[in-house]
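Some notes on the structure that comes next.
Just follow the structure's listing: the first ligand is 1, and inside any ligand the first atom is 1. Position 1 is the first residue of the sequence, and the numbers go up from there.
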Amino acid sequence: MKPESEYDLVIVGSGIAGLSFALNVAKAGHRVAIFTKKDKAESNTNYAQGGIAAVTSAGDDLDKHVEDTLEAGDGLCDPKVVREILKEGPDRIQDLIDLGVSFSSLDDGRISLGKEGGHSKRRVLHVKDITGKAIEDALLAAIANEGVHLFEHYFAIDLITAKKVRKLGVQVEGVDDRVLGLYFYDGLEEQVKTIASPAVLLATGGAGQTYLYTTNPSIATGDGIAIASRAGLASMNLEFIQFHPTTFHSQKGDRFLITEAVRGEGAKLIDGKGRAFLKKYHPLADLAPRDVVARAIDREMKRTGAPFVRLDTPSMDIDFPDRFPNVYKNCVNRGVNPSQMPVPVVPAAHYSCGGIPTELDCSTELDGLYACGEVACTGLHGANRLASNSLLEAVVLAYRGAEAVCQFLENQKEKTFQLPEWVDGDVAASDERVVLSHNLDELKRTMWDYVGIVRSTKRLERAQTRIRNLGREINEYYWNAKVDLPLLEVRNLVCVSELIVRSALQRKESRGLHYTLDYPDRSEISENIKVKTLAH
Ligand code: SIN
C-alpha cells in the first residue's frame, strides 16, 4: 500500500503512544496514518521490560502513587498533572486488558504486581519481563482492525507549517502558524514524499542514541524534539536524562537492560568484594529512586576504579528464568547465568524526562501539532521519572489527546492545501559517508564523557563547543546533499544534543537527574527550563 496524499491525522512513531492515539482517533471514523522509520515494532515500547504502574490493589491508593511520583520528581513535577494522569491509570489498564494484554497473574488469579525503585507499594503490572512487547503486539493488531494505515521505513524530515509556506508564496488564511503536513523520506524508494494533514502527532520516543551507552534501540534519535524545535517550538527540561542504573556490562560495549524489577524481587547491588553498598546512600537502599542509585554506582566505580558493579542475582529467592526469561536468555547468551553468578552492571542513558511541552490533551503551542509519550514533557516526571510511569502516561494521554484531536478536526473548515514539493540538494550523500559516521561517534562520546551522570560547567561548555562545530558541519552538508536516513538521524541527534547541553548549562542547581559539581545544592525555587534551537 502507498500512502495517500492527505490524512486527517498523521502520526510519527509506532510505540505505545502512537498506536494508542491512532486507535482512539480511528475509532471516531477519521483517516489516520502512522509513519515509522524502521519496522513497525521497532520502538522503545517494544523493549520496555518492567511494566506499567497503576493503583490496582486493595493495599494501595492514589495518594501514595502521587506521593511517590512527586518524591522521585524532586520538586519539579506539576502536582495537578500527576494526580490527573495517575487517577486514570486503572481505566486505561482495563482498556489494555480488553485488547488482550494478558498481565502476569498469581496462582490465585489476582494480577501479579512488581515493585521498582521509588515505589512504596507493589503496583507494577507486567507480562513477565516483556511487558512492552505484549502491549505493542496487542495494539498493532487493534489498529489493523480499525483500518489505520501504517507505513514502515518512512522518516519524518520536517513539519510543513503555515509560516514556512507563506514565505514560498502559498496563501494560508487565519492563524499566524499551524501545521499543514510533513515531508517524509521514503527509505525504500529513496525519495522524499509530501503528506498533507491538518493534525500531526509526534510520538517518536526518546533520544538515548545521543549517548554512547544506552538502553534504547537505534531508532531513539530524538526526531520529534528536533522536528518541533525546527518548527520554532521550545523544548523543556531536556537536561533531565535518566540513566538506568543496571544495564549488562560487556567488554565489547553492547548494553542491554536488566529491569529494575530484578531489584524489586530482592537483588542487591554489590561491590567487587561482594558488599551491598546502596544503604550508605539512601534509606530505600537498592530501591531508592533511579537518580540516587545511578549516582551511587557511578561513585562506587570511581572510588574503586572498577569498570562495573554486580547485581547479586544468585541470592534471590525466586525462579529467575521463570520470572525474567528475557533477561535470563540475554545474560546466558553472553556467558553469565544469573541463577549461578552475579550479573556485571553499569548505568546507561535510558529516558528523556524533558521534551516538547504539552497540555494534558497533548496539544502543543503550534496549532494542529500534538505530542505524546517520551517526546513530550507534561509535568508528570519532573526532574526524575518514577519507574514504570511512562507507559501509563502514554496510554492515559493518548486517550485524552485523541478526544482533543477529534474536536480539533470538527472545527477545521479548510483542511488541506497545495503544499510545496521537496527540493533535494545535489551532492551525493555517499561522498561524505565517513564524515557522517565520524561525527556521530564524536557526538555520542562527547555526550557520554561530558553530559553524563555527574556534570560540571566546564564539562558542559566543552561539550557545547564540540557539538556546535559538529552542528555547523552537518547543517552545511544537509542543505547541499541528497538526504538519506543516516544524514537525517545525525542532523537530529546533533540538534537535540545541543538543546540538552544548553538546557543543562542554564540550570544553576542540582536536582533529580541533573547533578553538577558547580551547583551541588537544590535551589529554593523550582523552575522549568525552556530552550529553542539556534539553527533551523
Ligand atoms: C525497567 O524495567 O527497569 C525499566 C522500566 C522503566 O524505565 O520504567
Side-chain angles (χ1 to χ4, degrees), residues 15-17 43-54 65 68-69 72-73 77 85-86 89 93 103-104 112-119 122-136 205-208 211 214-217 220 240-248 255-267 269 278 284 286-294 297 311 313 320 323-328 330-331 338 343 345-355 373-375 380-382 384-396 512-513:
I16 186 170
S43 66
N44 263 349
T45 303
N46 213 33
Y47 293 85
Q49 296 179 6
I52 178 163
H65 194 179
D68 295 346
T69 302
C77 302
I85 293 178
L86 300 187
I93 297 277
F103 290 109
S104 295
S112 157
L113 297 172
K115 196 154 190 272
E116 291 180 35
H119 287 275
R122 282 191 169 262
R123 63 167 76 95
V124 181
L125 292 92
H126 54 273
V127 183
K128 298 211 180 231
D129 61 353
I130 49 158
T131 314
K133 183 176 179 329
I135 294 177
E136 182 88 15
Y211 286 86
T214 176
T215 62
N216 294 183
F240 297 119
I241 300 292
Q242 186 167 69
F243 289 82
H244 197 290
T246 56
T247 66
F248 185 91
R255 303 278 191 260
F256 67 87
L257 181 66
I258 308 288
T259 172
E260 197 157 289
V262 173
R263 274 176 284 134
E265 296 300 342
L269 285 156
L278 249 304
L284 291 174
D286 294 86
L287 288 177
R290 248 175 225 179
D291 54 336
V292 176
V293 180
I297 296 175
L311 202 48
T313 43
F320 198 97
R323 172 64 179 88
F324 299 109
N326 178 46
V327 171
Y328 181 80
N330 278 318
C331 289
V343 179
V345 290
V346 283
H350 181 59
Y351 191 89
S352 299
C353 294
E374 190 172 344
V375 68
L380 173 67
H381 306 315
N384 175 42
R385 178 181 63 100
L386 183 67
S388 288
N389 265 356
S390 43
L391 294 183
L392 184 74
E393 180 189 47
V395 276
V396 167
L513 298 157

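Near H244, meaning under 4.0 Å from one of its heavy atoms, ligand 1 places the atoms 1 (C), 3 (O), 4 (C). Counting the atoms of ligand 1 from 1 in the order shown, those under 4.0 Å from a heavy atom of E260 are 1 (C), 2 (O), 3 (O). Per-residue contacts place A387 under 4.0 angstrom from the following atoms of ligand 1 (heavy atoms of the residue considered): 8 (O).
At under 3.5 Å, a nitrogen or oxygen of G50, whether backbone or side chain, sits near a nitrogen or oxygen of ligand 1. Residue contacts with ligand 1: S390 is placed with no nitrogen or oxygen under 3.5 Å of a nitrogen or oxygen of the ligand (distance criterion only).
Looking only at heavy atoms of the protein, atom 2 (O) of ligand 1 is closest to T259 OG1, 2.6 Å.
Remark: the H244 side chain and the T215 side chain contain no N/O donor-acceptor pair separated by less than 3.5 Å. Between the side chains of S390 and R385, at least one donor N or O sits under 3.5 Å from an acceptor N or O. No side-chain donor-acceptor contact under 3.5 Å links Q242 and D291.
Using a 4.0 Å cutoff on heavy atoms, H350 counts as a contact of ligand 1. At a 4.0 Å cut-off, not a single heavy atom of A261 sits close enough to ligand 1 to count as contact.
Judged by distance alone, the side chain of D129 and the main-chain N or O of N326 form a donor-acceptor pair under 3.5 Å. A distance-only check finds no donor-acceptor pair linking the side chain of H381 to the backbone of G73 [under 3.5 Å].
Summarising the contacts of atom 8 (O) of ligand 1 with S388, G114, A53, G51, the nearest heavy atom is found in S388.
Side-chain rings of F320 and F324 approach one another, their centers coming within less than 6.0 Å. Ring centroid separation for the pair Y211 and F243 comes in under the 6.0 Å cut-off.
Under 4.0 angstrom from ligand 1, there are no non-hydrogen atoms of Q242. Heavy atoms of R290 found under 4.0 angstrom from ligand 1 belong exclusively to the side chain.
Taking 4.0 Å as the cut-off between side-chain N and carboxylate O, E136 and K133 do not count as a salt-bridged pair.
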